[in-house]
Amino acid sequence: MDLETRNQRIYGVIRDVPKGSVASYGQIAEIAGIPRGARQVGYALRCLPKGHSLPWFRIITASGRIAFPEDTRAFRIQRDRLREEGVRVENGKVDMKTFRWQPDLDELLWKPRDTWDED
DNA sequence: CTGATGACTATAG
DNA sequence: CCTATAGCCATCA
């Protein structure tokens, strides 16, 4: 798998993270089919193209912390954008139990017809 | 090629 | 909660 394909998959997964939820770097990597690729997700985000419209701010560490130091511009932007969507950010931390994206459940809500055995 | 780096993670004390 | 440690792996100097 080449670099571009990998990044496209990473971006694709991030695009699917619903508003009001967050996901960890490792979670994105796993869903994208890149085991132990948490750092690669961070790397891909660091190299985001200029005009992107990716919800990069919905990606945080597995412990629920924003990955940037608190005294940085990036930290404040991420925190504010999460709050705009209703995600509670206290002391740079998000309660993962409450806001973590759960793809399986989400898929059920999205495409019930295709996945439910209705017969 | 080699060693350092980092928007990571899990575990232990 | 915090620090230390050890994996991790694409990039980069």
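Only this structure's heavy atoms are used, side chains among them; waters, hydrogens and symmetry mates stay out. In what follows, chains are A, B, ... by sequence order, proteins preceding strands, each numbered from 1.
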Student: Can you list every side-chain hydrogen bond (donor to acceptor under 3.5 Å, both in side chains) pair that touches residues 39-53 of chain A, not counting sequence neighbours?
Tutor: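 Of all non-adjacent pairs touching residues 39-53 of chain A, those that pass side-chain hydrogen bond (donor to acceptor under 3.5 Å, both in side chains) are A:Tyr43-A:Arg46.
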Student: Would you say that A:Arg79 contacts A:Ile66 through its side chain, given a criterion of any heavy-atom pair below 4.5 Å between the two side chains?
Tutor: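 A:Arg79 reaches A:Ile66 side chain to side chain.
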Student: Does the side-chain contact (heavy atoms from CB on, under 4.5 Å) test come out yes or no for A:Val17 and A:Ile28, once each step is laid out?
Tutor: CA-CA 9 Å; A:Val17 179; A:Ile28 296 300; 4.0 Å; yes
Student: For the atom pair CZ (A:Arg76) and OG1 (A:Thr72), what is the distance rounded to the nearest 0.5 Å?
Tutor: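 One finds 6.5 Å between CZ of A:Arg76 and OG1 of A:Thr72.
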Student: Exactly one of A:Val89, A:Ile60, A:Val94 should register a side chain to side chain contact (heavy atoms under 4.5 Å, CB included) with A:Phe99. Which one does?
Tutor: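 With A:Phe99 as partner, A:Val89, A:Ile60, A:Val94 yield a single side chain to side chain contact (heavy atoms under 4.5 Å, CB included), made by A:Val94.
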Student: Residues of residues 23-39 of chain A with any non-hydrogen atom less than 4.0 angstrom from an atom of DNA chain C: list those, numerically ordered, please.
Tutor: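 The answer is A:Arg36, A:Arg39.
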Student: Could you go step by step and tell me if A:Phe57 and A:Val87 meet the side-chain contact (heavy atoms from CB on, under 4.5 Å) rule?
Tutor: CA-CA 11 Å; A:Phe57 49 86; A:Val87 175; over 6 Å; no
Student: What residues in residues 85-95 of chain A put a non-hydrogen atom under 4.0 Å from any atom of DNA chain B?
Tutor: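 The answer is none.
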Student: With a 4.0 angstrom cut-off to heavy atoms of chain A, pull out the first and last contacting nucleotide of DNA chain B, in 5'-to-3' order.
Tutor: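 Using the under 4.0 Å cut-off, the span is B:dG6 to B:dA10.
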Student: Could you check whether atom CZ of A:Arg83 has more than 12 heavy atoms from other residues, nucleotides or ligands sitting under 6.0 Å from it?
Tutor: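 For A:Arg83, atom CZ is crowded (more than 12 foreign heavy atoms under 6.0 Å).
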Student: Among pairs that include at least one residue of residues 54-70 of chain A, which meet side-chain hydrogen bond (donor to acceptor under 3.5 Å, both in side chains), considering only residues two or more places apart or in two chains?
Tutor: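 Of all non-adjacent pairs touching residues 54-70 of chain A, those that pass side-chain hydrogen bond (donor to acceptor under 3.5 Å, both in side chains) are A:Arg58-A:Glu85, A:Thr61-A:Ser63.
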Student: Could you tell me the separation between the CD atom of A:Gln78 and the CD1 atom of A:Ile59, rounded to the nearest 0.5 Å?
Tutor: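 Answer for the CD-CD1 pair, A:Gln78 versus A:Ile59, is 8.5 Å.
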Student: By a strict heavy-atom criterion of less than 4.0 Å, which residues belonging to residues 44-79 of chain A are in contact with DNA chain B?
Tutor: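 Correct list: A:Leu45, A:Arg46, A:Trp56, A:Thr61, A:Ala62, A:Ala67, A:Phe68.
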Student: Could you work out the separation of C:dG7 and B:dA7 based on their P atoms and round it to a whole Å?
Tutor: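 That atom pair is separated by 22 Å.
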Student: Roughly how far, to the nearest 0.5 Å, is CD1 of A:Ile77 from CG of A:Leu82?
Tutor: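 Nearest 0.5 Å value for the CG-CD1 distance: 12.0 Å.
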Student: State the CD1-CD1 distance between A:Ile14 and A:Ile31, to the nearest 0.5 angstrom.
Tutor: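 The CD1 atom of A:Ile31 is 10.5 Å from CD1 of A:Ile14, to the nearest 0.5 Å.
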Student: Any donor and acceptor pair, going by atom type alone, linking the side chain of A:Asn91 with main-chain N or O of A:Lys93 inside 3.5 Å?
Tutor: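 Flag not set: sc A:Asn91 to bb A:Lys93 has no pair under 3.5 Å.
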